[in-house]
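Numbers restart at 1 for each chain; the letters A, B, ... are given by sequence-line order, proteins then strands. Because the structure is a prediction, the values reported are computed rather than measured.
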Number of protein chains: 2
Amino acid sequence: MRDDADSRNSPDLAERFADWQDLGLDPHRCPVRDVLSHVGDKWTTLIVAALAGGPRRFGAIHRVIPDISKRMLIQTLRDLERDGLATRRVFPTSPPSVEYSLTPLGRSLLGPLTALVAWAERNHAAIDAARTRFRAET
Amino acid sequence: MRDDADSRNSPDLAERFADWQDLGLDPHRCPVRDVLSHVGDKWTTLIVAALAGGPRRFGAIHRVIPDISKRMLIQTLRDLERDGLATRRVFPTSPPSVEYSLTPLGRSLLGPLTALVAWAERNHAAIDAARTRFRAET
DNA sequence: CCGTATCCGGATGGATACTG
DNA sequence: CAGTATCCATCCGGATACGG
């Protein structure tokens, strides 16, 4: 499963990293760390994916991701809203209904995110194989 | 409100998500979740970036990422090794020296990862602004 | 229907001290 | 130099119950 086509971009990361070094690499002020932790947390990516198709109501998202608690769903949506990746619209119906949708900024994340997801799907077999091999050697 | 420039890639994610649904979306067996959590954890991305330029010794990595404990450095390197993203070579010198480097699989991750990092760098200003705005409104 | 509040177990990760 | 072992604080996130 060689994929050297992708490694043409790789020098970039080494260079950027060197730049971060020069800036002090304070993890608490590093925007990259900030954003990536967002991506890596338990629910953000799934929710962004759920909103990728268009606006959804709270309950709809919850139905689409059954194993998230309301607590975590709200919290993650709030974080997305806070960071300007999603918006929240309240319709004063009764009972109230709330609709979430991605902002342009949020949608601009879909490209890089999809690339990463595609990589995961392409290579999870190789990763599984590596794990099995690793366990066998120890 | 449409932002068609960036959203050309976006239908993919919505479709994939729908597929995951059909497969049951068991988080513990979802390869995507598995990989993304890897990317999102505190140190993996930094270490991969540090190895992007070529093989490095344990101490060299540690010097390049000063604020990681040896414990976490080892643990993260082990995980990378386990997943087939990095290799570990021991040179039986005295004192011993150990060299880590990315595998082809690991290097193939650099492309998607760099795209995500580039997004983070492009948009962290917008995110910061959104946060300030959000705090102001509450 | 949408959200909040509280409690609590387990994972994460830092500090420190010790080996070969 | 490279790694291990132990202890301990913090945080993430689930369960539950309640409110508008």
Would you say the side-chain atoms of N123(B) pair up with the backbone N or O of A126(B), donor to acceptor, closer than 3.5 Å? no
Would you kindly give the CG-to-P distance between L73(B) and dC1(D), to the nearest whole Å? 14 Å
The salt bridge (Lys or Arg N to Asp or Glu O under 4.0 Å) partners of E121(A) (sequence neighbours excluded) come to R16(B)
Applying a 4.0 Å non-hydrogen cut-off, can you work out what R78(B) is touching in the nucleic acid: base, sugar-phosphate, or nothing? sugar-phosphate
Rounding to a whole Å, what distance do you find between I61(A):CD1 and dC1(C):P? 14 Å
I'd like to know if the side chain of R56(A) and the backbone of A50(A) have a donor-acceptor N/O pair within less than 3.5 Å. yes
To the nearest 0.5 Å, what is the distance between CD1 (I47(A)) and CZ (F17(B))? 9.0 Å
Within the structure, does a side-chain N or O atom of R88(B) lie under 4.0 Å from either OP1 or OP2 of dA2(D)? no
Could you note down all residue pairs passing salt bridge (Lys or Arg N to Asp or Glu O under 4.0 Å) where residues 124-137 of chain A supplies at least one of them, sequence neighbours left out? R131(A)-D34(B), R131(A)-D83(B)
Need the bend value for the helix from dC1(C)-dG20(D) to dG20(C)-dC1(D): angle between end axes, 5 pairs each end, nearest 10°. 40°
Measure from CD1 on I65(B) to P on dG13(C) and round the result to the nearest Å. 14 Å
Sugar-phosphate only, base, or nothing, as touched by Y100(A) at under 4.0 Å among non-hydrogen atoms: sugar-phosphate
Could you check how far CZ of R57(B) sits from C1' of dC1(D), rounded to whole Å? 7 Å
T45(B) and V48(B): side chain to side chain contact (heavy atoms under 4.5 Å, CB included), yes or no, with the steps? CA-CA 5 Å; T45(B) 304; V48(B) 169; 5.7 Å; no
Using a 3.5 Å cut-off and no angle test, enumerate the donor-acceptor pairs between side-chain atoms of residues 74-82 of chain A and protein atoms at least two apart in sequence or in another chain.
| residue | atom | partner | partner atom | Å |
| --- | --- | --- | --- | --- |
| T76(A) | OG1 | M72(A) | O | 2.7 |

Take nucleotides 8-20 of chain D nucleotide by nucleotide from the 5' end and write B, S or -, depending on whether a protein heavy atom sits under 4.0 Å from the base, only from the sugar-phosphate, or from neither. -----BBB----B
Between atom CD1 in I74(B) and atom C1' in dG13(C), what is the gap in whole Å? 15 Å
Test your reading of the model: is there a side-chain donor-acceptor pair from T103(B) to the backbone of G84(B), 3.5 Å cut-off? yes
Show me the donor-acceptor pairs, under 3.5 Å and distance only, between side chains in residues 57-66 of chain B and residues at least two apart or in other chains.
| residue | atom | partner | partner atom | Å |
| --- | --- | --- | --- | --- |
| H62(B) | NE2 | I68(B) | O | 2.7 |

